[in-house]
Structures are given as structure tokens and as C-alpha cells.
Number of protein chains: 2
Amino acid sequence: MTIQYCTGMARRHLTPQDWSTAALRAMAHGGVAAVSVNALAGELGTTRGSFYWHFKDRDALLTAALEVWEEDNTTALISELGDITDPRQRLTALFTTALGQHDINGLEPAIVAHADHPAVAPILRRVTDRRIAYLTDLYTNLGLAPAPARRQAVAAYAAYLGWLELRRSASDIVPEVAITGTTATAALEHLITELARSGEHQAKPE
Amino acid sequence: MTIQYCTGMARRHLTPQDWSTAALRAMAHGGVAAVSVNALAGELGTTRGSFYWHFKDRDALLTAALEVWEEDNTTALISELGDITDPRQRLTALFTTALGQHDINGLEPAIVAHADHPAVAPILRRVTDRRIAYLTDLYTNLGLAPAPARRQAVAAYAAYLGWLELRRSASDIVPEVAITGTTATAALEHLITELARSGEHQAKPE
DNA sequence: TTCCGCCCGTACACCCCTGTATGGAATGAC
DNA sequence: GTCATTCCATACAGGGGTGTACGGGCGGAA
């Protein structure tokens, strides 16, 4: 995620990973349109000749970057939570981890804004499907029947997406959403516990 | 929202409103980058000469279109709900009305994706601020104290934003979110009642 | 040393978009 | 009919991005 500026005379060769991460940062900041080979080359301290050696064209970079996003924010995240046995702790850890990515803030709104793009649609479809399936499985482990578990999963995922969007659009107006991590404020914990408690609420009504 | 194609020989003169609505539709479909004077002119059956007579430049169109969005989806929406006296009915009517805009689906993700744009930032700030303030006032009328009312308003607004985003990105995967209006499915009502009930839950815990 | 494959820099043509300048059609006033 | 205003069409210059062709440095192998 850090840029390798040319500090000495010997500059390391760039990898497709470098281009992908740079593309994700540009996409998170200025949308899909900001992913221009020109701008990324200047940002990485190289020229477009390097790019067209590693990638076929711009669409190949988009798909590669989105696959990195899929891997880091879905596949790796789910596998990391496999150690936690208690489903309630898994749920809390899942949301706190997912909401902790401040550097790539605004990436998901940018991706969703171009949901019709041929390079975006299939990956966005896979990510959404897997995330909702994981949440459904999680709420099922919490004691919900399949149908309510899926409804709860959709609601929880929508709340998570909106939380990201709100944090990007108005973190100064709504300062509660800007803070996360271990020092989460009352509003963030309110949302998470609300999503966890509502599932419990239906499983065994008090 | 409907395009005035040149059906006869006498074509009506275009208004700035026509350009604004066309810009909003393009923005909802392809993001801010899709708002090009060339494409809109072709879509409206005219040339760029017409555009530059009504508007100073492209940024003027963006601000005008976003002000139309602000008026239609915030100012007019709030004033329409003034007739309903019961705050709970107001809350339900608010979400069902706000979620009923299927034609401009994906507009808010596109706007949020360019939250840093100088033409987008101030309007997005006003809209977010007013909506959260309205929701906070609504939850206060439901019996919540100021601080919990604001927390609940932020959570409810985040759920609404995420619902829109989810409906745009994966309406085929999650068919529950695609349907709305009077025949809202169980998932949609689940989210709304969940947001309404959670406020009630804190006001007078059972 | 010489050669070869990897990686990058440079130059070129092409396309799309913006903004402006200018001409022209249509409409109403007189 | 003449004229002025409103609205749109056309032409041009400029800029930025993409994709490609080609050349050159550079390190390892024979």
C-alpha cells in the first residue's frame, strides 16, 4: 500500500501487484474513471511502457485489481475468522475488521457505481454472493431458521455497506462513523450490537 | 424522466431541466464520468451548441443536476411527509417512498463515489445533513433522548444507503431487495421494522 | 565476450471530450 | 417586409487518454 519512490539509483522492478494496489487506491479516491494508466504511471514513478508489459490493456488491470480486492476483503477475511468458534464473537470480529479498512475508504461505492461494467459485474457478483452466504451461515449458527437468517444477513450487509458509504460521504458531519477499531464509539457499537441482537431477538424472543 | 424524441417535424425547445434529468439518468447508470455533453446531446437528439447556450460549462450542469436531485429526493420528500402526524407512520412512509425510486437506482453510489468532487461535495453534505437531522427529529418524536435518537438516525440512514447499494449491485442475487412499494417483501419490511423497533426498544425496554 | 530475454522509456497515431466562435433557422414585434 | 432575439448546428483548436511500435539498458548463460 506504500509507494516505492526512486530513493536510490537502483529501483526495483514493478510487479502486477504494484499496479493493482495503485489502481485500487486511485479507484477508492476518484472512482473507476480515475484508474488511468497515465496517472498510475506517474504515481509509481514509471511510464506506460512498463504497464503494457505487465498487462494486456486497461481492462486487464481493472479485473486484476478487483480480484485483489476480492481476495483481501472477502476470501482472506473469511478464512481469518475461521479460528473463532463462538458465532457471536465471529460476527463482532467480522464487522470490526471489515470496518477497520480506512485507507481504502470509498472503494465499494466506486465499485457499485459501475456495477454494469463488464469487468466489474462478475467480481462484484461473486463478492456479494459470498458475503451474504457467509452472513447467512453465521446467523444460522446463531439459531435462526434459514429464511430469517438470510433476511437478517441481507439487512446486516446493507447496514455495513451504508456505513461505509456514510463514512466516506460525511465523516465530518457524522463523526461517530469515522472512528473505528478498538476505540469504536457508541454509534458504531450500536449498529453492530443492533444487528447481532436483532438476530437473537427472533431466535428466542424474550 | 421521459425523453422527448423528435417525433414530428416541430421539436420543442430544450430546457435546462431536460439536460439535468438526462444528466441524472446518465450519472445513475455510468457514474459521474458518464455525464458527457456529447453523449447527452446525442441522447436528447441535439448538439452541444444547445448545451452551451443553456449552461456555462460541464460543472454547471453537474451542480444543476445535483440540485434537482437534492430538491426531488430531500426537500420535496420531507415536505410531502408533513401531513402525516403519527411519527411511526411517517417513518414507514419515508422509507417506503425513498426506496420506491427504481428509475434512478444507483444514483447515490455514483454521487458518493465522487464525494471529493468540488461540484458534488457541498450538495452531498447538505443532503446528508438534512436527512440525518430529519431522522433524528423523527426518532426524538418517537421518545428517544437526543443522543440515542441521533445514533439511531445514523444507523437507519446507513441501512437505507446500503439497501440502495445492494439493490443496484446484486438485485438478481438478492431478489428481496429489488421489490418495493406496497408489495414489499418480508426482507424489506424486516429492515424497516427492525429500524423502527430498535428505537422503540431503547425508549421503553420491555 | 556475446547473445538473449526481461523490463522499461519514447514516439506516434488515434479517439473522445471540452470549450469557443460563428453561422443559420425560427419566431414574434413593429 | 425588416429586424432583433432566441435557440441550435457546425467548425475549429486544444488537451488528455489509449494502444502500439520500436529502441535501449541490464543481467544471466554459454
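Keep in mind that the numbers below use all heavy atoms, side chains included, and drop hydrogens, waters and symmetry copies. Just so you know, these numbers come straight off a predicted model, no measurement behind them. Chain letters run A, B, ... following the sequence lines, proteins first, then strands; residues in each count from 1.
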Handout entry: Shortest side-chain distance from Trp53(B), nucleotide among dC7(C), dG9(C), dC7(D)
Key = dC7(D)
Handout entry: No-hydrogen, no-angle side-chain donor-acceptor test under 3.5 Å, Ser169(A) and Arg125(B)
Key = no
Practice task
For Phe51(B) and dA21(C), give me the distance from atom CZ to atom P, rounded to whole Å.
Solution key: 16 Å
Exercise for the section: Check every strand shown and say whether Asn38(A) touches a base, only sugar-phosphate, or nothing at a heavy-atom separation below 4.0 Å. Expected result: base
Problem - Flag for Tyr52(B)-Arg58(B): side-chain donor and acceptor within less than 3.5 Å - result: no
Practice task
Can you tell me the distance, in whole Å, between the OH atom of Tyr52(A) and the C1' atom of dA13(C)?
Solution key: 14 Å
Practice task
Kindly check if the number of other-residue, nucleotide or ligand heavy atoms within 6.0 Å of NE2 (His29(A)) is above 12?
Solution key: no
Exercise for the section: Grab the NZ-P distance between Lys56(B) and dG19(C) for me, whole Å please. Expected result: 8 Å
Fill in the blank from the handout: Considering only heavy side-chain atoms of Leu14(A), the closest of dC8(C), dG9(C), dC8(D) is dC8(C)
Handout entry: Pair Arg150(A) + Asp137(A): basic N to acidic O under 4.0 Å
Key = no
Exercise for the section: Take the protein atom CG of Leu40(B) and the nucleotide atom P of dG19(C), then report the distance between them rounded to whole Å. Expected result: 13 Å
Practice task
Look at all strands and tell whether Ser36(B) reaches a base, only sugar-phosphate, or nothing, counting heavy atoms closer than 4.0 Å.
Solution key: sugar-phosphate
Handout entry: Integer-rounded Å distance: dG5(C) C1' and His13(A) NE2
Key = 12 Å
Completion exercise
Rounded to whole Å, CZ of Phe55(B) lies from P of dC7(D) at a distance of 13 Å
Problem - Residue pair Thr85(B) / Arg90(B), side-chain donor-acceptor N/O under 3.5 Å - result: no
Exercise for the section: May I ask you to verify if any side-chain N or O of Ser50(B) is less than 4.0 angstrom from the OP1 or OP2 atom of dA9(D)? Expected result: no
Exercise for the section: With DNA chain C as reference, determine whether Arg48(A) or His54(A) sits nearer its 5' end, using the nearest nucleotide of each. Expected result: His54(A)
Handout entry: d(CZ, Arg58(A); P, dT20(D)) in whole Å
Key = 15 Å
Completion exercise
Asp18(B) atom CG is separated from dC7(D) atom P, nearest whole Å, by 12 Å
